[in-house]
Number of protein chains: 2
Amino acid sequence: MIITDKHIHILQKAEELFAQNGYEGTTVRDIATAADVNLAMISYYFGSKEKLIEILFKERMEGTKLRIEAVVNNQSILPFQKLEIIVDQYIERVFNSQNFFKVMLAQQMLQKNEVIIRFMTQYKLSYATLIEEVIQEGRRLGHFSKDDIDTLLLLTSMTGTVMHTVVSKDYYREFNKHNKLEEQDLDTVLKQKLSRHVKNIFKVTLGYEQ
Amino acid sequence: MIITDKHIHILQKAEELFAQNGYEGTTVRDIATAADVNLAMISYYFGSKEKLIEILFKERMEGTKLRIEAVVNNQSILPFQKLEIIVDQYIERVFNSQNFFKVMLAQQMLQKNEVIIRFMTQYKLSYATLIEEVIQEGRRLGHFSKDDIDTLLLLTSMTGTVMHTVVSKDYYREFNKHNKLEEQDLDTVLKQKLSRHVKNIFKVTLGYEQ
DNA sequence: TTGATTTTATCAAACATTTGTTTAAATTTG
DNA sequence: CAAATTTAAACAAATGTTTGATAAAATCAA
(Lines give C-alpha, C1' and ligand atoms only; values in the text may rest on other atoms or scores of the structure.)
Protein backbone atom coordinates (compact mmCIF):
# COMPACT_ATOMS: atom_id res chain seq x y z
CA MET A 1 0.00 0.00 0.00
CA ILE A 2 1.25 3.45 -1.00
CA ILE A 3 0.96 6.18 1.60
CA THR A 4 0.38 9.63 0.10
CA ASP A 5 0.30 13.06 1.72
CA LYS A 6 -3.46 12.72 1.93
CA HIS A 7 -3.11 9.48 3.88
CA ILE A 8 -0.66 11.12 6.26
CA HIS A 9 -2.93 14.09 6.78
CA ILE A 10 -5.97 11.96 7.57
CA LEU A 11 -3.93 9.68 9.84
CA GLN A 12 -2.67 12.66 11.80
CA LYS A 13 -6.17 13.97 12.39
CA ALA A 14 -7.44 10.50 13.27
CA GLU A 15 -4.58 10.08 15.73
CA GLU A 16 -5.55 13.31 17.44
CA LEU A 17 -9.16 12.23 17.75
CA PHE A 18 -8.32 8.71 18.93
CA ALA A 19 -6.10 10.19 21.64
CA GLN A 20 -8.83 12.61 22.65
CA ASN A 21 -11.94 10.43 22.46
CA GLY A 22 -10.67 6.88 22.12
CA TYR A 23 -11.06 4.61 19.11
CA GLU A 24 -14.69 3.68 19.75
CA GLY A 25 -15.46 7.25 20.76
CA THR A 26 -14.28 8.57 17.41
CA THR A 27 -16.60 8.28 14.42
CA VAL A 28 -15.53 8.07 10.81
CA ARG A 29 -17.49 11.27 10.31
CA ASP A 30 -15.41 12.97 13.01
CA ILE A 31 -12.24 11.98 11.20
CA ALA A 32 -13.56 13.11 7.82
CA THR A 33 -14.63 16.47 9.25
CA ALA A 34 -11.34 17.03 11.07
CA ALA A 35 -9.32 16.11 8.00
CA ASP A 36 -11.64 18.18 5.81
CA VAL A 37 -12.40 15.37 3.39
CA ASN A 38 -15.61 13.68 2.33
CA LEU A 39 -16.88 10.87 4.53
CA ALA A 40 -16.50 8.30 1.78
CA MET A 41 -12.82 9.13 1.37
CA ILE A 42 -11.96 7.30 4.59
CA SER A 43 -13.19 4.02 3.13
CA TYR A 44 -11.70 4.93 -0.23
CA TYR A 45 -8.23 5.52 1.20
CA PHE A 46 -8.07 3.04 4.05
CA GLY A 47 -10.82 0.49 3.42
CA SER A 48 -12.29 0.73 6.89
CA LYS A 49 -11.96 2.42 10.25
CA GLU A 50 -10.17 -0.63 11.62
CA LYS A 51 -7.71 -0.72 8.73
CA LEU A 52 -7.07 2.97 9.31
CA ILE A 53 -5.87 2.50 12.86
CA GLU A 54 -3.81 -0.50 11.84
CA ILE A 55 -2.09 1.59 9.18
CA LEU A 56 -1.59 4.34 11.77
CA PHE A 57 0.30 1.88 13.96
CA LYS A 58 2.32 0.56 11.02
CA GLU A 59 3.31 4.12 10.07
CA ARG A 60 4.21 5.26 13.57
CA MET A 61 6.14 2.19 14.64
CA GLU A 62 8.35 1.96 11.58
CA GLY A 63 11.95 2.77 12.36
CA THR A 64 11.49 2.86 16.13
CA LYS A 65 13.69 -0.14 16.77
CA LEU A 66 16.55 1.09 14.59
CA ARG A 67 17.39 4.13 16.69
CA ILE A 68 18.05 2.26 19.89
CA GLU A 69 19.86 -0.53 18.05
CA ALA A 70 22.38 2.08 16.93
CA VAL A 71 23.04 3.01 20.55
CA VAL A 72 23.32 -0.56 21.80
CA ASN A 73 25.81 -1.54 19.09
CA ASN A 74 28.04 1.49 19.61
CA GLN A 75 31.23 0.14 21.24
CA SER A 76 32.48 3.51 22.43
CA ILE A 77 29.60 4.08 24.85
CA LEU A 78 29.67 2.56 28.32
CA PRO A 79 26.70 0.36 29.35
CA PHE A 80 25.12 2.76 31.82
CA GLN A 81 25.56 5.66 29.41
CA LYS A 82 23.75 3.57 26.81
CA LEU A 83 20.85 3.13 29.20
CA GLU A 84 20.84 6.85 29.92
CA ILE A 85 20.61 7.57 26.20
CA ILE A 86 17.81 5.02 25.81
CA VAL A 87 15.89 6.66 28.67
CA ASP A 88 16.27 10.14 27.21
CA GLN A 89 15.35 8.90 23.75
CA TYR A 90 12.21 7.27 25.11
CA ILE A 91 11.14 10.37 27.04
CA GLU A 92 11.76 12.53 24.00
CA ARG A 93 9.79 10.19 21.79
CA VAL A 94 6.78 10.05 24.12
CA PHE A 95 6.66 13.82 24.55
CA ASN A 96 7.05 14.38 20.81
CA SER A 97 4.24 11.93 20.01
CA GLN A 98 1.95 12.23 23.01
CA ASN A 99 -1.16 11.54 20.99
CA PHE A 100 0.13 8.33 19.50
CA PHE A 101 1.39 7.02 22.81
CA LYS A 102 -2.01 7.66 24.34
CA VAL A 103 -3.62 5.71 21.51
CA MET A 104 -1.08 2.97 22.09
CA LEU A 105 -1.78 2.81 25.82
CA ALA A 106 -5.52 2.56 25.16
CA GLN A 107 -4.94 -0.25 22.67
CA GLN A 108 -2.67 -2.02 25.12
CA MET A 109 -5.45 -1.96 27.68
CA LEU A 110 -8.20 -3.20 25.40
CA GLN A 111 -6.26 -5.72 23.30
CA LYS A 112 -8.96 -6.02 20.68
CA ASN A 113 -7.12 -5.78 17.37
CA GLU A 114 -4.83 -8.68 16.56
CA VAL A 115 -2.70 -6.74 14.06
CA ILE A 116 -2.05 -3.97 16.58
CA ILE A 117 -1.31 -6.43 19.36
CA ARG A 118 1.36 -8.01 17.15
CA PHE A 119 2.91 -4.61 16.42
CA MET A 120 3.08 -3.71 20.08
CA THR A 121 4.35 -7.09 21.26
CA GLN A 122 7.12 -7.06 18.69
CA TYR A 123 8.00 -3.49 19.69
CA LYS A 124 8.05 -4.12 23.42
CA LEU A 125 9.91 -7.41 23.26
CA SER A 126 12.61 -6.18 20.90
CA TYR A 127 13.01 -3.16 23.15
CA ALA A 128 13.37 -5.39 26.20
CA THR A 129 15.82 -7.66 24.44
CA LEU A 130 18.11 -4.78 23.52
CA ILE A 131 18.07 -3.41 27.04
CA GLU A 132 18.77 -6.89 28.34
CA GLU A 133 21.89 -7.01 26.16
CA VAL A 134 23.16 -3.75 27.61
CA ILE A 135 22.50 -4.97 31.14
CA GLN A 136 24.38 -8.22 30.47
CA GLU A 137 27.27 -6.22 29.05
CA GLY A 138 27.33 -4.02 32.16
CA ARG A 139 27.30 -7.06 34.39
CA ARG A 140 30.22 -8.66 32.49
CA LEU A 141 32.22 -5.49 32.96
CA GLY A 142 31.35 -5.46 36.66
CA HIS A 143 29.57 -2.11 36.45
CA PHE A 144 26.29 -3.42 37.87
CA SER A 145 26.34 -5.18 41.23
CA LYS A 146 22.77 -6.57 41.23
CA ASP A 147 22.41 -10.01 39.67
CA ASP A 148 18.67 -10.65 39.83
CA ILE A 149 17.55 -7.89 37.50
CA ASP A 150 14.07 -8.11 36.00
CA THR A 151 14.50 -6.28 32.70
CA LEU A 152 10.82 -6.15 31.87
CA LEU A 153 9.91 -4.76 35.28
CA LEU A 154 12.56 -2.08 34.85
CA LEU A 155 11.27 -1.28 31.35
CA THR A 156 7.69 -1.24 32.59
CA SER A 157 8.71 1.10 35.36
CA MET A 158 10.18 3.49 32.80
CA THR A 159 7.28 3.37 30.36
CA GLY A 160 4.73 3.44 33.15
CA THR A 161 6.29 6.42 34.88
CA VAL A 162 6.71 8.42 31.67
CA MET A 163 3.32 7.54 30.20
CA HIS A 164 1.51 8.19 33.45
CA THR A 165 3.17 11.57 33.72
CA VAL A 166 1.92 12.52 30.27
CA VAL A 167 -1.56 11.22 30.95
CA SER A 168 -1.92 13.01 34.26
CA LYS A 169 -0.27 16.29 33.35
CA ASP A 170 -3.35 18.18 34.53
CA TYR A 171 -3.01 16.91 38.10
CA TYR A 172 0.60 17.96 38.00
CA ARG A 173 -0.36 21.45 36.98
CA GLU A 174 -2.93 21.67 39.75
CA PHE A 175 -0.84 20.18 42.54
CA ASN A 176 2.30 22.16 41.89
CA LYS A 177 2.67 25.83 41.19
CA HIS A 178 2.88 25.34 37.45
CA ASN A 179 -0.53 26.83 36.69
CA LYS A 180 0.97 29.72 34.85
CA LEU A 181 3.32 27.60 32.74
CA GLU A 182 2.70 27.23 29.03
CA GLU A 183 2.08 23.72 27.71
CA GLN A 184 5.54 23.48 26.17
CA ASP A 185 7.33 24.88 29.20
CA LEU A 186 5.59 22.37 31.46
CA ASP A 187 6.73 19.62 29.10
CA THR A 188 10.31 20.85 29.35
CA VAL A 189 10.17 20.79 33.15
CA LEU A 190 8.60 17.34 33.19
CA LYS A 191 11.11 15.91 30.72
CA GLN A 192 14.02 17.10 32.87
CA LYS A 193 12.50 15.75 36.06
CA LEU A 194 11.63 12.43 34.40
CA SER A 195 15.09 12.04 32.94
CA ARG A 196 16.75 12.42 36.34
CA HIS A 197 14.15 10.27 38.09
CA VAL A 198 14.11 7.36 35.64
CA LYS A 199 17.89 7.27 35.41
CA ASN A 200 17.92 7.04 39.18
CA ILE A 201 15.55 4.09 39.03
CA PHE A 202 17.90 2.36 36.61
CA LYS A 203 20.88 3.18 38.78
CA VAL A 204 19.47 1.78 41.98
CA THR A 205 17.84 -1.22 40.30
CA LEU A 206 21.06 -2.26 38.58
CA GLY A 207 23.34 -1.39 41.46
CA TYR A 208 25.41 1.01 39.40
CA GLU A 209 28.18 2.97 41.14
CA GLN A 210 30.05 5.58 39.17
CA MET B 1 -29.77 7.35 45.85
CA ILE B 2 -30.14 3.92 47.46
CA ILE B 3 -27.85 1.20 46.17
CA THR B 4 -29.40 -2.27 46.30
CA ASP B 5 -27.89 -5.70 45.62
CA LYS B 6 -29.26 -5.43 42.09
CA HIS B 7 -27.37 -2.17 41.57
CA ILE B 8 -24.17 -3.75 42.86
CA HIS B 9 -24.57 -6.77 40.61
CA ILE B 10 -25.13 -4.69 37.48
CA LEU B 11 -22.25 -2.35 38.37
CA GLN B 12 -19.91 -5.28 38.78
CA LYS B 13 -20.78 -6.67 35.34
CA ALA B 14 -20.55 -3.21 33.79
CA GLU B 15 -17.13 -2.71 35.38
CA GLU B 16 -15.92 -5.95 33.83
CA LEU B 17 -17.14 -4.94 30.41
CA PHE B 18 -15.76 -1.38 30.64
CA ALA B 19 -12.35 -2.80 31.57
CA GLN B 20 -12.51 -5.27 28.71
CA ASN B 21 -13.99 -3.15 25.91
CA GLY B 22 -13.84 0.43 27.15
CA TYR B 23 -16.77 2.66 28.00
CA GLU B 24 -17.69 3.53 24.41
CA GLY B 25 -17.02 -0.05 23.35
CA THR B 26 -19.58 -1.38 25.81
CA THR B 27 -23.28 -1.16 24.92
CA VAL B 28 -26.14 -0.95 27.36
CA ARG B 29 -27.36 -4.19 25.83
CA ASP B 30 -24.01 -5.83 26.65
CA ILE B 31 -24.38 -4.79 30.27
CA ALA B 32 -27.99 -5.98 30.46
CA THR B 33 -27.08 -9.34 28.96
CA ALA B 34 -24.05 -9.83 31.22
CA ALA B 35 -26.06 -8.88 34.31
CA ASP B 36 -28.97 -11.02 33.11
CA VAL B 37 -31.53 -8.24 33.37
CA ASN B 38 -33.86 -6.62 30.88
CA LEU B 39 -32.39 -3.83 28.76
CA ALA B 40 -34.78 -1.26 30.18
CA MET B 41 -33.61 -2.02 33.71
CA ILE B 42 -30.35 -0.16 33.16
CA SER B 43 -32.21 3.09 32.56
CA TYR B 44 -34.66 2.20 35.31
CA TYR B 45 -31.94 1.66 37.90
CA PHE B 46 -29.30 4.18 36.86
CA GLY B 47 -31.03 6.69 34.59
CA SER B 48 -28.50 6.43 31.83
CA LYS B 49 -25.27 4.77 30.76
CA GLU B 50 -23.31 7.85 31.80
CA LYS B 51 -24.95 7.98 35.22
CA LEU B 52 -24.11 4.29 35.63
CA ILE B 53 -20.38 4.82 35.25
CA GLU B 54 -20.53 7.86 37.54
CA ILE B 55 -22.23 5.77 40.22
CA LEU B 56 -19.61 3.05 39.65
CA PHE B 57 -16.89 5.57 40.45
CA LYS B 58 -18.76 6.89 43.46
CA GLU B 59 -19.17 3.35 44.80
CA ARG B 60 -15.59 2.25 44.22
CA MET B 61 -13.88 5.36 45.51
CA GLU B 62 -15.75 5.59 48.76
CA GLY B 63 -13.57 4.89 51.75
CA THR B 64 -10.32 4.81 49.80
CA LYS B 65 -8.85 7.82 51.49
CA LEU B 66 -9.62 6.63 55.02
CA ARG B 67 -7.33 3.64 54.95
CA ILE B 68 -4.13 5.54 54.23
CA GLU B 69 -5.12 8.34 56.58
CA ALA B 70 -5.05 5.78 59.39
CA VAL B 71 -1.47 4.90 58.50
CA VAL B 72 -0.29 8.50 58.20
CA ASN B 73 -1.75 9.47 61.58
CA ASN B 74 -0.30 6.50 63.42
CA GLN B 75 2.46 7.91 65.65
CA SER B 76 4.13 4.58 66.33
CA ILE B 77 5.15 3.99 62.71
CA LEU B 78 8.32 5.56 61.32
CA PRO B 79 8.00 7.70 58.17
CA PHE B 80 9.65 5.31 55.75
CA GLN B 81 7.67 2.41 57.17
CA LYS B 82 4.52 4.42 56.57
CA LEU B 83 5.51 4.83 52.93
CA GLU B 84 6.22 1.13 52.68
CA ILE B 85 2.76 0.37 54.00
CA ILE B 86 1.20 2.85 51.60
CA VAL B 87 3.04 1.23 48.69
CA ASP B 88 1.94 -2.27 49.66
CA GLN B 89 -1.63 -1.09 50.23
CA TYR B 90 -1.70 0.50 46.80
CA ILE B 91 -0.32 -2.59 45.06
CA GLU B 92 -2.81 -4.78 46.90
CA ARG B 93 -5.68 -2.50 45.99
CA VAL B 94 -4.80 -2.38 42.29
CA PHE B 95 -4.39 -6.14 42.06
CA ASN B 96 -7.63 -6.74 43.95
CA SER B 97 -9.55 -4.34 41.69
CA GLN B 98 -7.76 -4.65 38.39
CA ASN B 99 -10.90 -4.05 36.37
CA PHE B 100 -11.79 -0.83 38.10
CA PHE B 101 -8.26 0.53 37.88
CA LYS B 102 -8.26 -0.16 34.16
CA VAL B 103 -11.53 1.74 33.82
CA MET B 104 -9.99 4.52 35.87
CA LEU B 105 -6.90 4.71 33.69
CA ALA B 106 -9.03 4.89 30.57
CA GLN B 107 -11.11 7.68 32.06
CA GLN B 108 -7.98 9.51 33.11
CA MET B 109 -6.78 9.44 29.53
CA LEU B 110 -10.00 10.60 27.94
CA GLN B 111 -11.16 13.14 30.55
CA LYS B 112 -14.68 13.36 29.15
CA ASN B 113 -16.93 13.12 32.18
CA GLU B 114 -16.77 16.06 34.57
CA VAL B 115 -18.15 14.13 37.56
CA ILE B 116 -15.54 11.40 37.15
CA ILE B 117 -12.74 13.90 36.65
CA ARG B 118 -13.68 15.50 39.97
CA PHE B 119 -13.67 12.13 41.73
CA MET B 120 -10.25 11.27 40.39
CA THR B 121 -8.71 14.67 41.03
CA GLN B 122 -9.92 14.65 44.62
CA TYR B 123 -8.59 11.12 45.05
CA LYS B 124 -5.18 11.79 43.57
CA LEU B 125 -4.62 15.12 45.29
CA SER B 126 -5.63 13.89 48.74
CA TYR B 127 -3.35 10.91 48.21
CA ALA B 128 -0.48 13.18 47.25
CA THR B 129 -1.12 15.48 50.20
CA LEU B 130 -0.96 12.62 52.69
CA ILE B 131 2.27 11.29 51.20
CA GLU B 132 3.68 14.80 51.26
CA GLU B 133 2.97 14.95 55.01
CA VAL B 134 4.88 11.74 55.62
CA ILE B 135 7.80 12.98 53.56
CA GLN B 136 7.90 16.26 55.50
CA GLU B 137 7.83 14.28 58.74
CA GLY B 138 10.73 12.14 57.55
CA ARG B 139 12.70 15.22 56.57
CA ARG B 140 12.15 16.84 59.97
CA LEU B 141 13.44 13.69 61.64
CA GLY B 142 16.46 13.70 59.35
CA HIS B 143 15.60 10.33 57.83
CA PHE B 144 15.54 11.58 54.25
CA SER B 145 18.57 13.38 52.89
CA LYS B 146 17.09 14.70 49.61
CA ASP B 147 15.46 18.10 49.89
CA ASP B 148 14.04 18.68 46.40
CA ILE B 149 11.51 15.89 46.38
CA ASP B 150 8.71 16.03 43.83
CA THR B 151 5.92 14.18 45.61
CA LEU B 152 3.65 13.97 42.61
CA LEU B 153 6.41 12.60 40.38
CA LEU B 154 7.14 9.97 42.99
CA LEU B 155 3.45 9.11 43.28
CA THR B 156 3.09 9.01 39.50
CA SER B 157 6.09 6.72 39.32
CA MET B 158 4.41 4.34 41.74
CA THR B 159 0.98 4.37 40.10
CA GLY B 160 2.47 4.29 36.60
CA THR B 161 4.74 1.36 37.37
CA VAL B 162 2.03 -0.68 39.10
CA MET B 163 -0.72 0.12 36.60
CA HIS B 164 1.51 -0.52 33.62
CA THR B 165 2.49 -3.86 35.07
CA VAL B 166 -1.15 -4.88 35.36
CA VAL B 167 -1.98 -3.63 31.89
CA SER B 168 0.93 -5.39 30.22
CA LYS B 169 0.82 -8.66 32.14
CA ASP B 170 0.67 -10.59 28.87
CA TYR B 171 4.04 -9.29 27.70
CA TYR B 172 5.44 -10.27 31.04
CA ARG B 173 4.19 -13.80 30.64
CA GLU B 174 5.65 -14.02 27.15
CA PHE B 175 9.04 -12.46 27.91
CA ASN B 176 9.76 -14.41 31.05
CA LYS B 177 9.36 -18.08 31.72
CA HIS B 178 6.02 -17.61 33.46
CA ASN B 179 3.95 -19.17 30.66
CA LYS B 180 2.92 -22.06 32.84
CA LEU B 181 1.95 -19.90 35.81
CA GLU B 182 -1.71 -19.57 36.76
CA GLU B 183 -3.22 -16.09 36.72
CA GLN B 184 -3.21 -15.82 40.50
CA ASP B 185 0.32 -17.16 40.90
CA LEU B 186 1.61 -14.66 38.35
CA ASP B 187 -0.11 -11.91 40.32
CA THR B 188 1.62 -13.05 43.50
CA VAL B 189 5.02 -12.97 41.81
CA LEU B 190 4.35 -9.55 40.31
CA LYS B 191 3.11 -8.10 43.59
CA GLN B 192 6.28 -9.21 45.38
CA LYS B 193 8.54 -7.85 42.66
CA LEU B 194 6.62 -4.57 42.51
CA SER B 195 6.72 -4.14 46.27
CA ARG B 196 10.48 -4.43 46.36
CA HIS B 197 10.98 -2.32 43.26
CA VAL B 198 8.68 0.56 44.18
CA LYS B 199 10.02 0.72 47.74
CA ASN B 200 13.47 0.98 46.20
CA ILE B 201 12.29 3.89 44.08
CA PHE B 202 11.03 5.64 47.19
CA LYS B 203 14.25 4.90 49.04
CA VAL B 204 16.56 6.31 46.41
CA THR B 205 14.31 9.26 45.58
CA LEU B 206 14.05 10.33 49.20
CA GLY B 207 17.64 9.54 50.11
CA TYR B 208 16.64 7.15 52.87
CA GLU B 209 19.37 5.27 54.73
CA GLN B 210 18.35 2.67 57.28
C1' DT C 1 -55.39 -13.02 58.12
C1' DT C 2 -58.01 -11.22 54.34
C1' DG C 3 -58.62 -8.52 50.04
C1' DA C 4 -58.24 -4.19 47.81
C1' DT C 5 -55.03 -0.64 46.42
C1' DT C 6 -50.91 1.51 45.53
C1' DT C 7 -46.14 1.25 44.53
C1' DT C 8 -42.33 -0.96 42.53
C1' DA C 9 -40.21 -3.97 39.17
C1' DT C 10 -40.05 -6.35 34.74
C1' DC C 11 -40.79 -6.95 30.00
C1' DA C 12 -41.07 -6.83 24.77
C1' DA C 13 -41.51 -3.53 21.56
C1' DA C 14 -40.75 0.72 19.57
C1' DC C 15 -38.35 5.29 19.16
C1' DA C 16 -35.29 8.48 16.94
C1' DT C 17 -30.29 8.90 16.16
C1' DT C 18 -26.02 7.52 15.02
C1' DT C 19 -23.00 4.20 13.25
C1' DG C 20 -19.64 2.24 9.39
C1' DT C 21 -19.95 1.36 4.77
C1' DT C 22 -21.52 1.45 -0.13
C1' DT C 23 -23.42 3.36 -4.26
C1' DA C 24 -23.61 5.69 -8.44
C1' DA C 25 -23.08 9.84 -10.47
C1' DA C 26 -20.03 13.87 -11.09
C1' DT C 27 -15.61 15.96 -11.29
C1' DT C 28 -10.71 16.23 -11.70
C1' DT C 29 -6.36 14.55 -13.21
C1' DG C 30 -2.83 12.67 -16.23
C1' DC D 1 -10.46 9.85 -23.25
C1' DA D 2 -9.57 6.77 -19.32
C1' DA D 3 -8.32 6.44 -14.69
C1' DA D 4 -8.44 8.29 -10.23
C1' DT D 5 -10.74 11.17 -7.04
C1' DT D 6 -14.63 13.44 -4.90
C1' DT D 7 -19.33 13.97 -3.83
C1' DA D 8 -24.21 13.67 -1.84
C1' DA D 9 -27.23 10.31 -0.87
C1' DA D 10 -28.62 6.03 0.73
C1' DC D 11 -28.05 1.56 3.27
C1' DA D 12 -28.71 -1.64 6.97
C1' DA D 13 -27.32 -2.38 11.48
C1' DA D 14 -26.56 -0.79 16.07
C1' DT D 15 -27.10 2.66 19.53
C1' DG D 16 -29.20 4.80 24.12
C1' DT D 17 -33.53 5.67 25.73
C1' DT D 18 -38.64 5.52 26.32
C1' DT D 19 -43.14 3.50 26.17
C1' DG D 20 -47.13 1.20 27.83
C1' DA D 21 -48.65 -3.04 29.35
C1' DT D 22 -48.09 -6.60 32.80
C1' DA D 23 -46.45 -8.82 36.99
C1' DA D 24 -44.84 -8.74 41.66
C1' DA D 25 -44.35 -6.66 46.11
C1' DA D 26 -45.58 -3.66 49.61
C1' DT D 27 -49.05 -1.09 52.11
C1' DC D 28 -53.09 -0.83 54.69
C1' DA D 29 -57.96 -0.82 56.13
C1' DA D 30 -61.32 -4.38 57.39
Side-chain angles (χ1 to χ4, degrees), chain A residues 1-59 103 106-107 110-117, chain B residues 1-59 103 106-107 110-117:
Chain A
M1 175 168 183
I2 300 130
I3 303 291
T4 67
D5 288 353
K6 204 119 205 174
H7 286 93
I8 293 171
H9 176 242
I10 295 170
L11 286 174
Q12 206 251 303
K13 293 295 181 181
E15 182 183 67
E16 261 175 56
L17 291 169
F18 289 155
Q20 228 165 84
N21 314 320
Y23 174 75
E24 301 281 358
T26 302
T27 70
V28 178
R29 281 169 183 79
D30 291 339
I31 299 171
T33 304
D36 203 31
V37 298
N38 186 278
L39 169 64
M41 297 318 280
I42 307 298
S43 293
Y44 181 73
Y45 275 112
F46 299 96
S48 69
K49 187 188 173 188
E50 201 178 0
K51 279 267 171 55
L52 186 150
I53 197 178
E54 289 172 8
I55 292 165
L56 173 65
F57 268 75
K58 196 174 188 173
E59 276 299 297
V103 179
Q107 289 293 317
L110 300 183
Q111 304 254 41
K112 302 280 276 185
N113 183 306
E114 268 304 323
V115 176
I116 291 175
I117 292 174
Chain B
M1 177 171 183
I2 301 130
I3 303 290
T4 66
D5 288 355
K6 205 119 205 172
H7 286 94
I8 293 171
H9 176 242
I10 295 170
L11 285 174
Q12 206 250 304
K13 293 295 183 182
E15 182 183 68
E16 260 176 58
L17 291 169
F18 289 157
Q20 227 165 85
N21 314 319
Y23 174 74
E24 301 282 358
T26 303
T27 70
V28 179
R29 279 168 184 81
D30 291 340
I31 299 171
T33 304
D36 203 30
V37 298
N38 187 277
L39 169 63
M41 292 287 98
I42 307 299
S43 293
Y44 181 73
Y45 275 112
F46 299 96
S48 68
K49 187 188 173 189
E50 200 177 2
K51 278 267 170 54
L52 186 151
I53 196 177
E54 288 172 9
I55 292 166
L56 174 65
F57 269 75
K58 196 174 187 173
E59 276 299 298
V103 178
Q107 289 293 318
L110 300 183
Q111 304 254 41
K112 302 280 276 184
N113 184 305
E114 267 304 323
V115 177
I116 292 176
I117 292 175

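Numbers restart at 1 for each chain; the letters A, B, ... are given by sequence-line order, proteins then strands. Note that this is a predicted model, so its numbers are computed, not measured.
- Note on A:Ser43: a base of the nucleic acid sits closer than 4.0 angstrom, heavy atoms only.
- Each of A:Arg29 and A:Ala40 was matched to the nucleotide of DNA chain D holding its nearest heavy atom; the match closer to the 5' end belongs to A:Ala40.
- Between the CD1 atom of B:Ile2 and the P atom of C:dT8 there is a distance of 10 Å, rounded to whole Å.
- Each of B:Leu56, B:Ile55, B:Val37 was checked for a side-chain contact (heavy atoms from CB on, under 4.5 Å) with B:Ile10, and the lone residue meeting it is B:Val37.
- Between the OH atom of A:Tyr44 and the P atom of D:dA4 there is a distance of 7 Å, rounded to whole Å.
- Rounded to an integer number of Å, the gap from B:Leu52 CG to D:dT17 P is 10 Å.
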* Carefully, step by step, assess A:Asn113 and A:Gln107 under the rule side-chain hydrogen bond (donor to acceptor under 3.5 Å, both in side chains). => CA-CA 8 Å; A:Asn113 183 306; A:Gln107 289 293 317; 5.9 Å; no
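- For C:dA12, one of the phosphate oxygens OP1 or OP2 lies less than 4.0 angstrom from a side-chain nitrogen or oxygen of B:Asn38.
- Projected onto DNA chain C by closest heavy-atom contact, A:Tyr23 and B:Met41 fall at different nucleotides, the more 5' of which corresponds to B:Met41.
- Residue contacts for B:Thr4: at a heavy-atom cut-off of 4.0 Å it reaches no nucleic acid atom on any strand shown.
- Whole-Å rounding puts the B:Phe46 CZ to C:dA9 P distance at 12 Å.
- Here D:dA9 presents its C1' atom at 11 Å from CG of A:Leu39, a figure rounded to the nearest Å.
- We find that NE2 of A:His7 is positioned 13 Å from C1' of D:dA4, with the value rounded to whole Å.
- A:Lys49 has its NZ atom 16 Å from the P atom of C:dT18, to the nearest Å.
- Atoms OH (A:Tyr45) and C1' (C:dT21) sit 18 Å apart, rounded to a whole Å.
- By the 30° and 60° cut-offs, the orientation of the rings of B:Phe18 relative to B:Tyr23 is tilted.
- Taking side-chain N and O atoms only, A:Lys6 has no distance below 4.0 Å to OP1 or OP2 of D:dT5.
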* Carefully, step by step, assess B:Thr27 and B:Asp30 under the rule side-chain hydrogen bond (donor to acceptor under 3.5 Å, both in side chains). => CA-CA 5 Å; B:Thr27 70; B:Asp30 291 340; 3.1 Å; yes
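- Summarising the geometry, atom CD belonging to B:Gln12 is positioned 6.5 Å from atom CD belonging to B:Glu15; distances are rounded to the nearest 0.5 Å.
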